[in-house]
Amino acid sequence: MFADRMKNLTPYTPGEQPQEGGFIKLNTNENPYPPTPLIKDFLSDIDASRLRLYPDPTSKNLRQEIARAEGLEPENVFIGNGSDEVLSFVFFGFFDGKYGPLFFPEFTYSFYPVYSGFYNIPYKKIPLQGDYSLDIDSYLDGDSTGIILPNPNAPTGICLPLEKIKYLLDNYKCGRLVAIDEAYIAFGGESAASLINDYENLLVVRTFSKSSSLAGLRLGYALGDKKLISALNTVKNSFNSYPVDFIAQRCGELSIFDSSYRKDVISKIITTRDSFTLKAINLGWTVLPSKANFVFARKDGLRGEDIYMRLKEKKILVRYFDKEGINDFVRITIGTDDEMSQLLTTMEGL
Ligand code: PMP
């Protein structure tokens, strides 16, 4: 009954989404604040009969809005159903074993090895440095079919400065695709989107899930040279021409349009993150320097799983990773000030 290819599938395990209430949920990097109020107004006015019709398969208005915000052309923008879908199309469209393995960090977004398995792409995990940052020179060593990096990296939260990305692009002799997954860039990093007109092998992948508070909507995008975007459209139209519904397209437009609301939310989260980090360090925790909406933290003598279990008993959810090298850390999403002070009180007792 099952196709042979099913035998080798190892699916990604997302963070828990408990159905019962009462949790302080700091485990999946969701935004604790609602999206722009313009979205609430739009949703309450939707004409249900509009659902009879297929959505715009090209997400034209949304691409225009994003292009305007980024100083690019709509032909530089690709829209997908969450950045996970965009990433899967990137893996399908650009990476194979012909020129060497795909390079990505040893500790990074755990969907990358899953897509590699799904599409049969050989990969090489590049070790992090002692301080958990990326060593860019090691991505330039040897042949590769391409490079994918989150910036900031997940789950560490550590961000590379833009000049390091530029250095990577300038010195990448293979000239294959360099994909920068900017899911968390809005929380203090400098985007590589400004380099798109200079490097035709650069693709920047973004999501509306974190900084736009729209994880429940499933909306992501890629920015790159027109030839790269056209290739992604070929992949998309070979799977599903209508992956993004009309409601998601319009909500995305409204979120980009209301940039001042988005900036306020982001700056609140950054302030909370930085004050939480200082307080946690004062309690004796080690917290890696984060430019994301989460921090990676540990306390001497405790395993990540123990911290996770003890916080869960107090109805606080964080995420741990059962991987040698990072299994003494937990990843903590930045919530509201109130949620973070409840967490700190609990951390004091651990
Ligand atoms: N990239 C990274 C690094 C992530 O952490 C996530 C969130 N799990 C994603 C991409 C996917 O985000 P989404 O599919 O919600 O756009």
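Every number for a ligand or one of its atoms is a count from 1 in the order of the listing.
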> Show which atoms of ligand 1 fall inside a sub-4.0 Å distance from at least one heavy-atom site of Thr207.
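Reading through ligand 1 atom by atom, the close ones are 13 (P), 15 (O), 16 (O).
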> For Gly82, counting its heavy atoms only, list the atoms of ligand 1 lying under 4.0 Å from any of them.
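Under 4.0 Å from Gly82, ligand 1 has these atoms: 14 (O), 16 (O).
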> If you draw the axis of the six-membered ring of Phe329, does the NZ or CZ of Arg298 fall within 45° of it and under 6.0 Å from the ring centre?
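Yes, a cation-pi geometry.
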> What is the nearest protein non-hydrogen atom to atom 15 (O) of ligand 1, stated with its residue, atom name and distance?
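The protein heavy atom lying closest is Ser209 OG, 2.6 Å.
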> Among protein heavy atoms, which lies nearest atom 12 (O) of ligand 1, and at what distance?
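In this structure, atom 12 (O) of ligand 1 has Ser83 OG, 3.1 Å as its nearest protein heavy atom.
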> So, regarding Tyr112 and ligand 1 (criterion: nitrogen or oxygen to nitrogen or oxygen, under 3.5 Å), is there a contact or not?
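No - when backbone and side-chain N and O of Tyr112 are compared with those of ligand 1, no distance drops under 3.5 Å.
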> Which residues satisfy the side chain to side chain donor-acceptor pair (under 3.5 Å) test with Lys25, sequence neighbours excluded?
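Applying side chain to side chain donor-acceptor pair (under 3.5 Å) to Lys25 gives Gln17, Asn27, Thr28, Glu30.
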> What part of Tyr184, side chain, backbone, both or neither, has a heavy atom within less than 4.0 angstrom of ligand 1?
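Contact part for Tyr184 vs ligand 1: side chain (C-beta onward).
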> At under 4.0 Å between heavy atoms, which part of Ala183 makes contact with ligand 1: side chain, backbone, both or neither?
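Ala183 to ligand 1: side-chain contact only, backbone stays beyond 4.0 Å.
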> Tell me the protein heavy atom at minimum distance from atom 8 (N) of ligand 1, and give that distance in Å.
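Result: Tyr109 OH, 3.1 Å.
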> So, for Leu283 and Lys299, which heavy atoms are closest and what is the spacing to 0.1 Å?
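In this case the closest contact between Leu283 and Lys299 is O-CE, 4.2 Å.
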> Would you call Asp258-Arg262 a salt bridge at under 4.0 Å N-O?
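No, Asp258 and Arg262 are not salt-bridged.
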> Pull out every atom of ligand 1 sitting under 4.0 Å from any heavy atom of Asp84, numbered as shown with elements.
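Within the 4.0 Å cut-off of Asp84, ligand 1 contributes 9 (C), 11 (C), 14 (O).
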> Taking the six-membered ring of Phe23 as reference, does the cationic atom of Lys315 (NZ for Lys, CZ for Arg) lie under 6.0 Å from its centre and within 45° of its axis?
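Cation-pi check for Lys315 and Phe23: passes.
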> Just checking Tyr221 against Phe208, ring centres under 6.0 Å apart?
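Yes, ring centres under 6.0 Å apart.
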> Of all heavy-atom pairs between Gly15 and Arg319, which one has the smallest distance, and what is that distance?
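Nearest heavy atoms, Gly15 then Arg319: N-NH1, 3.5 Å.
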> Between Asp56 and Thr58, is any side-chain donor less than 3.5 angstrom from a side-chain acceptor?
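On atom types as modelled, these side chains qualify, holding a pair under 3.5 Å.
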> Should the proximity of Asp181 to ligand 1, defined as any heavy atom under 4.0 Å, be assigned to the side chain, the backbone, both, or neither?
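The side chain, only.
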> Examine Lys268 relative to Tyr33 and say whether NZ or CZ is less than 6.0 Å from the centre of the six-membered ring and inside a 45° cone about the ring axis.
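Yes - Lys268 lies over the ring of Tyr33, closer than 6.0 Å to its centre and within 45° of its axis.
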> Between Arg218 and ligand 1, find which residue part has any heavy-atom pair under 4.0 Å and reply side chain, backbone, both or neither.
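Just the side chain.
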> Between Lys210 and ligand 1, which part of the residue brings a heavy atom under 4.0 Å of the ligand: side chain, backbone, both or neither?
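Side chain only; the backbone of Lys210 stays clear of ligand 1.
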> Report yes if Asn29 has an N/O atom closer than 3.5 Å to an N/O atom of ligand 1; otherwise report no.
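No, Asn29 has no N/O under 3.5 Å of an N/O on ligand 1.
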